[in-house]
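Working notes for the structure below.
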Amino acid sequence: MTGTSKPTIVIVPGMRDHVEDHWQTILAKRLREAGRTVRTVHPLVRNRLSRDAHVANVVEVMAQITGPVLIVAHSAGVITTVQWAQWHDANVRGALLAAPPDFETPLPDGYPTLDELETHGWTPVPRKPLPFPSIVAASSNDPLGSPERVAGLALDWGSRLVDLGPVGHLNPASGHGPWLRSEELVEALEHGWCHMAPRPAS
């Protein structure tokens with residue numbers, strides 16, 4: 001694969017603000033330093049609960065890219081990516097879908113309620129197979145989604161499921177900043193190596 005054919009990496013965050021020590025921020029910086037083209041879908045300032053607003057942000061970024069892309073999504077960004085894929089098309093080489101939340105069962109206190117998620121268009125969560133290769137990287141103790149429910153999402157989406165072990169929600173609040181495994185999984189998708197032996201996160 002030549003340098004000119006490498007896909008643009010598109011980072012799709014969840015509903016959080018920009019966080020310097022989040023693994024997606026760190027990954028974007030490392031990839032840029034390695035000479036990769038990286039585009040980040042910026043977090044919303046207004047209408048943060050609006051599914052349509054999040055999807056529109058992805059559409060805007062994708063429209064500015066020529067050539068293949070590889071998506072790296074986390075948390076609600078995974079659901080945004082899946083929602084986007086139902087109605088929009090792009091040359092997506094693959095998607096890393098890390099720690100998807102289960103928006104169809106009650107979330108912990110401080111997170112949107114089921115009624116709020118439904119009102120703002122997040123549910124029902126699409127279950128159609130994704131039109132591109134994907135890896136769901138799942139935590140065994142994610143407070144936002146049980147392993148069984150996340151495994152069901154991966155199965156329905158046609159995704160390769162990788163068990164990361166007990167990493168919480170894979171965010172700084174769970175004690176996770178850099179996530180070196182993300183680079184390995186991005187490379188796996190880029191080269192079509194989706195059938196990897198699972199091992200713990202690092």
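In what follows, residues are counted from 1 in the order of the sequence shown.
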Given Val125, which partner from the list Leu117, Asp156, Leu153 fulfils the side chain to side chain contact (heavy atoms under 4.5 Å, CB included) test?
Leu153

Of all heavy-atom pairs between Trp122 and Ala76, which one has the smallest distance, and what is that distance?
CZ3-O, 4.0 Å

Please round to the nearest 0.5 Å and tell me the distance separating atom CG of Leu114 and atom OG1 of Thr123.
7.5 Å

Tell me every residue that passes side-chain contact (heavy atoms from CB on, under 4.5 Å) with Val59, counting only those two or more places apart in sequence or in another chain.
Val55, Trp84, His88

Contact between Asn91 and Val69 at the side-chain level, heavy atoms closer than 4.5 Å - yes or no?
no

Taking only residues two or more places apart in sequence, or in another chain, which ones meet Arg36 in a salt bridge (Lys or Arg N to Asp or Glu O under 4.0 Å)?
Glu190

With sequence neighbours excluded, what pairs up with Pro166 under the side-chain contact (heavy atoms from CB on, under 4.5 Å) test?
Ser140, Asn141

Same cluster or not: are Ile26 and Leu164 linked, directly or through other Ile, Leu, Val, Met, Phe, Trp or Tyr residues, by side-chain heavy atoms under 4.5 angstrom apart?
no

Heavy-atom closest pair, residues Pro112 and Leu107:
O-CD1, 3.8 Å

Output the distance between atom OG (Ser182) and atom CD (Glu187), rounded to the nearest 0.5 Å.
11.5 Å

Are Val58 and Met15 connected in the hydrophobic side-chain network, where two residues link if heavy atoms are under 4.5 Å apart?
yes

How many angstroms lie between CD1 in Ile79 and CZ in Phe103, if you round to the nearest 0.5 Å?
6.0 Å

The criterion is side chain to side chain donor-acceptor pair (under 3.5 Å); which residues satisfy it with Thr105, sequence neighbours excluded?
Asp102

Do you reckon Leu27 sits in the same ILVMFWY cluster as Val19, going by side-chain contacts under 4.5 Å, direct or chained?
no

From Ile135 atom CD1 to Leu189 atom CG, the distance as rounded to the nearest 0.5 Å
4.0 Å

Test log, rule side-chain contact (heavy atoms from CB on, under 4.5 Å), inputs Asn171 and Ser75:
CA-CA 9 Å; Asn171 58 2; Ser75 190; over 6 Å; no

Hey, could you give me the CZ/CD1 distance between Arg93 and Ile9, rounded to the nearest 0.5 Å?
9.5 Å

Restricting to side-chain contact (heavy atoms from CB on, under 4.5 Å), what partner residues turn up for Gln64, sequence neighbours left out?
Arg39, Glu60

Ring center gap for Trp179 and His22 short of 6.0 angstrom
no

Are any of the side-chain heavy atoms of Val72 and Val10 separated by less than 4.5 Å?
no

Scanning both residues in full, the closest heavy-atom pair of Arg48 with Leu44 reads NH2-O, 2.9 Å

From Thr40 atom OG1 to Lys29 atom NZ, the distance as rounded to the nearest 0.5 Å:
13.5 Å

Quick check: are there more than 12 heavy atoms from other residues, nucleotides or ligands sitting under 6.0 Å from CZ of Arg30?
no

Heavy-atom closest pair, residues Ser174 and Leu170:
OG-N, 3.9 Å

His169 meets the ring pair (Phe, Tyr, Trp, His ring centres under 6.0 Å) criterion, sequence neighbours left out, with His74

Minimum side-chain heavy-atom gap Asp52-His120 below 4.5 Å:
no

Between the main-chain N or O of Val82 and the side-chain N or O of Gln86, is there a donor-acceptor pair closer than 3.5 Å?
yes

Search all heavy atoms of Trp23 against all heavy atoms of Gly177 and return the closest pair with its distance.
CB-O, 2.9 Å

Within a strict 4.5 Å, meaning less than it, do heavy atoms of the Ser159 and Leu130 side chains meet?
yes

